[in-house]
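All residue numbers refer to positions in the sequence shown, counting from 1.
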Amino acid sequence: MRTGAAAIAVVLIGVAIGALIWNRRLQTLTIVSLLAGVPLIGFVTYALRPAPLPRAGPFALAALISTVVAAGALISALRSPRIPLRRRAYLSLVALYSAVVGAASFLAIWSPEFGVAEIVVNLGWAVGWLPPSQRTTDAQASVEISAMRSRVFGFLADPTNWPRYWEWTDLVQVDPPPPLAEGSRVTVVVSGPDFRGQESSEKTTVTYLIDELVPDSSLEMVMLGHLDNRITWRLSGSPIGTTFATRAWGVVPYPLAIFGLMLEFWQYWRLRIARVKRTLSRLKQLLDEAAPQP
């Protein structure tokens, strides 16, 4: 059994390295760590310090049942692309934690204490992401524009102008037709790099609902299907004309946070902030009025 534990440890190392080569993302590292981190330590420890084995029957049965459940949930998620993203995410979460239970049960055949540790570590990770505050992203920025507030607001409230300063925005449609009002729905089609700055050939369609609009003062919109995601615009007077402040606030869905998406957001946060600043810079260039001649 000592040799078997060592062989399993080698296999785990190989699978982990292969997964990271195949998909070099922080999310992949997170999932690999959750599934294989404690088992790898446990099998290496047993290989170095073998001990009498407990009864394998109950642990083997638990591992088998968990593996079947994990496979069923994963197949359901992968074979149903039309299922809403959140439902697929929760099916994937069921698959992940069924696999964790299976890995812990299999590990317990050699070392019950490490089997318990696998459950405890993963349970702690899951509980840690329960508070929405742990999964919140909040990007804020502002710019001074040498133009009257009414002019700035009029430009912003016309969605046909959005592709002129929003990066990689291909199309904007408004229902009902402009002008914008509370209840308007704005569908935006975007392409270009993802939040990690990597090129993508896929186009993304997002629909926003305008739920607050105060002329020359503010506008708020939420993303339909993801009501925890909100964009706010605020305009106020400044010595040179208008201060425009924007805030993009959202809560990452719980399963995606467990899979490591929040870690990736933090990893690429500077890229996101830089994109916001470039957007505001272009807006300023478009709206700055020429300085009066003496």
Side-chain angles (χ1 to χ4, degrees), residues 132-133 135-195 197 203-253 265-266 268-290:
S133 60
R135 298 178 275 120
T136 299
T137 64
D138 191 350
Q140 303 182 51
S142 63
V143 65
E144 299 284 332
I145 300 174
S146 299
M148 296 294 293
R149 194 160 38 157
S150 58
R151 180 176 175 230
V152 176
F153 186 86
F155 185 89
L156 294 170
D158 182 356
T160 60
N161 289 323
W162 293 4
R164 299 174 64 186
Y165 64 97
W166 278 20
E167 285 189 333
W168 305 299
T169 299
D170 299 326
L171 178 67
V172 178
Q173 295 178 325
V174 185
D175 182 30
L180 286 183
E182 292 183 3
S184 294
R185 297 190 177 201
V186 184
T187 299
V188 182
V189 180
V190 298
S191 59
D194 58 19
F195 71 92
K203 293 183 180 291
T204 302
T205 301
V206 179
T207 299
Y208 296 97
L209 172 68
I210 308 299
D211 64 350
E212 179 183 308
L213 188 151
V214 180
D216 301 339
S217 179
S218 65
L219 183 150
E220 295 196 16
M221 51 188 167
V222 295
M223 185 186 302
L224 291 182
H226 303 275
L227 298 183
D228 290 333
N229 293 270
R230 174 176 294 273
I231 295 176
T232 65
W233 294 341
R234 294 282 186 270
L235 287 81
S236 59
S238 77
I240 68 169
T242 302
T243 298
F244 171 63
T246 181
R247 179 184 184 189
W249 178 89
V251 178
V252 171
F265 272 144
W266 293 337
Y268 298 104
W269 190 251
R270 290 185 178 180
L271 289 177
R272 186 176 182 185
I273 295 299
R275 182 174 178 176
V276 172
K277 291 181 177 179
R278 289 196 302 270
T279 295
L280 294 186
S281 178
R282 281 194 294 272
L283 178 65
K284 178 177 174 63
Q285 291 174 0
L286 289 168
L287 290 176
D288 268 351
E289 296 176 339

S.K.: Set out, in order, the CA-CA distance, both residues' side-chain angles and the distance that settles side chain to side chain contact (heavy atoms under 4.5 Å, CB included) for Arg278 and Glu167, then state yes or no.
M.R.: CA-CA 8 Å; Arg278 289 196 302 270; Glu167 285 189 333; 2.5 Å; yes

S.K.: Any side-chain to backbone donor/acceptor pair from Gln173 onto Thr187? Under 3.5 Å, distance only.
M.R.: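 Judged by distance alone, no pair lies under 3.5 Å.
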
S.K.: Given the side-chain rings of Trp168 and Trp162, with only the six-membered ring counted for Trp, is the space between their centroids under 6.0 Å?
M.R.: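 When the ring centroids of Trp168 and Trp162 are compared, they turn out to be at least 6.0 Å apart.
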
S.K.: Quick one: CE on Met221 to OG1 on Thr207, what's the gap to the nearest 0.5 Å?
M.R.: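 Between atom CE of Met221 and atom OG1 of Thr207 there are 12.0 Å.
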
S.K.: Would Lys284 and Glu144 pass as an ion pair if we require N to O under 4.0 Å?
M.R.: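 No, Lys284 and Glu144 are not salt-bridged.
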
S.K.: What heavy-atom pair brings Ala141 and Val276 nearest, and what distance separates the two atoms?
M.R.: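 In this case the closest contact between Ala141 and Val276 is CB-CG1, 3.7 Å.
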
S.K.: Can you tell me which residue pairs pass the salt bridge (Lys or Arg N to Asp or Glu O under 4.0 Å) test with a partner in residues 204-217, sequence neighbours excluded?
M.R.: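 Listed by first then second residue: Asp211-Arg230.
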
S.K.: Applying side chain to side chain contact (heavy atoms under 4.5 Å, CB included), run through Phe244 and Phe153 and close with a yes or a no.
M.R.: CA-CA 9 Å; Phe244 171 63; Phe153 186 86; over 6 Å; no

S.K.: Using side chain to side chain contact (heavy atoms under 4.5 Å, CB included) as the criterion, list what pairs up with Pro179, not counting sequence neighbours.
M.R.: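 None.
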
S.K.: Rounded to the nearest 0.5 Å, what's the gap from CG on Leu156 to CG on Leu219? Could you check?
M.R.: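 One gets 8.0 Å once the value is rounded to the nearest 0.5 Å.
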
S.K.: Return yes if some donor-acceptor pair links the side-chain N/O of Thr136 with the main-chain N/O of Pro132 below 3.5 Å, else return no.
M.R.: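 Present.
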
S.K.: Between Ser217 (side chain only) and Val214 (backbone N and O only), is there a donor and an acceptor less than 3.5 Å apart?
M.R.: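 Side chain of Ser217 to backbone of Val214: no pair is present.
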
S.K.: Hey, does Tyr208 have a side-chain heavy atom less than 4.5 Å from the side chain of Leu224?
M.R.: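 They are not in side-chain contact.
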
S.K.: Considering residues at least two apart in sequence or located in another chain, which fulfil the side chain to side chain contact (heavy atoms under 4.5 Å, CB included) criterion with Asp138?
M.R.: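 Gln140, Arg247, Trp249.
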
S.K.: Quick one, Trp166 and Arg282 - any side-chain contact, counting heavy atoms below 4.5 Å?
M.R.: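 SC-SC contact between Trp166 and Arg282 ruled out.
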
S.K.: Is the backbone of Ala147 close enough, under 3.5 Å, to the side chain of Thr242 for a donor and an acceptor to pair up by distance?
M.R.: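 Yes: the side chain of Thr242 pairs with the backbone of Ala147.
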
S.K.: Just wondering, are more than 12 heavy atoms of other shown residues or ligands nearer than 6.0 Å to CZ in Arg185?
M.R.: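 No.
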
S.K.: To check you understand the geometry: which heavy-atom pair defines the closest contact between Val252 and Phe265, and what is its length?
M.R.: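 So the two residues come closest at CG2-CE1, 3.4 Å.
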
S.K.: Take Val186 and Leu180, measure what side chain to side chain contact (heavy atoms under 4.5 Å, CB included) needs, and give me the verdict at the end.
M.R.: CA-CA 9 Å; Val186 184; Leu180 286 183; 3.8 Å; yes

S.K.: Hey, what do you get for CZ (Arg275) to OG1 (Thr279), rounding to the nearest 0.5 Å?
M.R.: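 Atom-to-atom, Arg275:CZ and Thr279:OG1 are 6.5 Å apart.
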
S.K.: Residues two or more places apart in sequence or in another chain: which of them pass salt bridge (Lys or Arg N to Asp or Glu O under 4.0 Å) with Asp170?
M.R.: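 Salt bridge (Lys or Arg N to Asp or Glu O under 4.0 Å) check on Asp170 returns Lys203.
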
S.K.: Report the distance from atom CG of Asn161 to atom CG of Asp158, rounding to the nearest 0.5 Å.
M.R.: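 With rounding to 0.5 Å, CG (Asn161) is 4.5 Å from CG (Asp158).
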
S.K.: Please name all residues satisfying salt bridge (Lys or Arg N to Asp or Glu O under 4.0 Å) with Arg234, sequence neighbours left out, ordered by chain then number.
M.R.: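 With sequence neighbours excluded, Arg234 shows a salt bridge (Lys or Arg N to Asp or Glu O under 4.0 Å) to Glu220, given in chain and number order.
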
S.K.: Give a yes or no on whether the backbone of Leu287 and the side-chain of Arg151 come within a donor-acceptor separation of less than 3.5 Å.
M.R.: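 Such a contact is found between Arg151 side chain and Leu287 backbone.
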
S.K.: So, using side chain to side chain contact (heavy atoms under 4.5 Å, CB included) as the criterion, who are the partners of Trp269 when residues are at least two apart?
M.R.: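 If we apply the side chain to side chain contact (heavy atoms under 4.5 Å, CB included) test to Trp269, skipping adjacent residues, the hits are Thr137, Ala139, Arg272, Ile273.
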
S.K.: Could you tell me whether a side-chain N or O of Asp288 sits under 3.5 Å from a main-chain N or O of Ile145, the two making a donor and an acceptor?
M.R.: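 Not at all, since once roles are kept as given, no pair shorter than 3.5 Å links the two residues.
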
S.K.: When you measure from the side chain of Asn229 to the backbone of Met223, do you find a donor-acceptor pair of N or O atoms at a distance under 3.5 Å?
M.R.: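 Between the backbone of Met223 and the side chain of Asn229 there is no qualifying donor-acceptor contact (under 3.5 Å).
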
S.K.: Do Thr246 and Leu280 make a side-chain contact, defined as non-hydrogen atoms from C-beta onward lying under 4.5 Å apart?
M.R.: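 Contact flag for Thr246/Leu280 side chains = yes.
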
S.K.: Which distance, rounded to the nearest 0.5 Å, do you find between the OG of Ser184 and the CG of Leu209?
M.R.: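 So the gap between those two atoms works out to 8.5 Å.
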
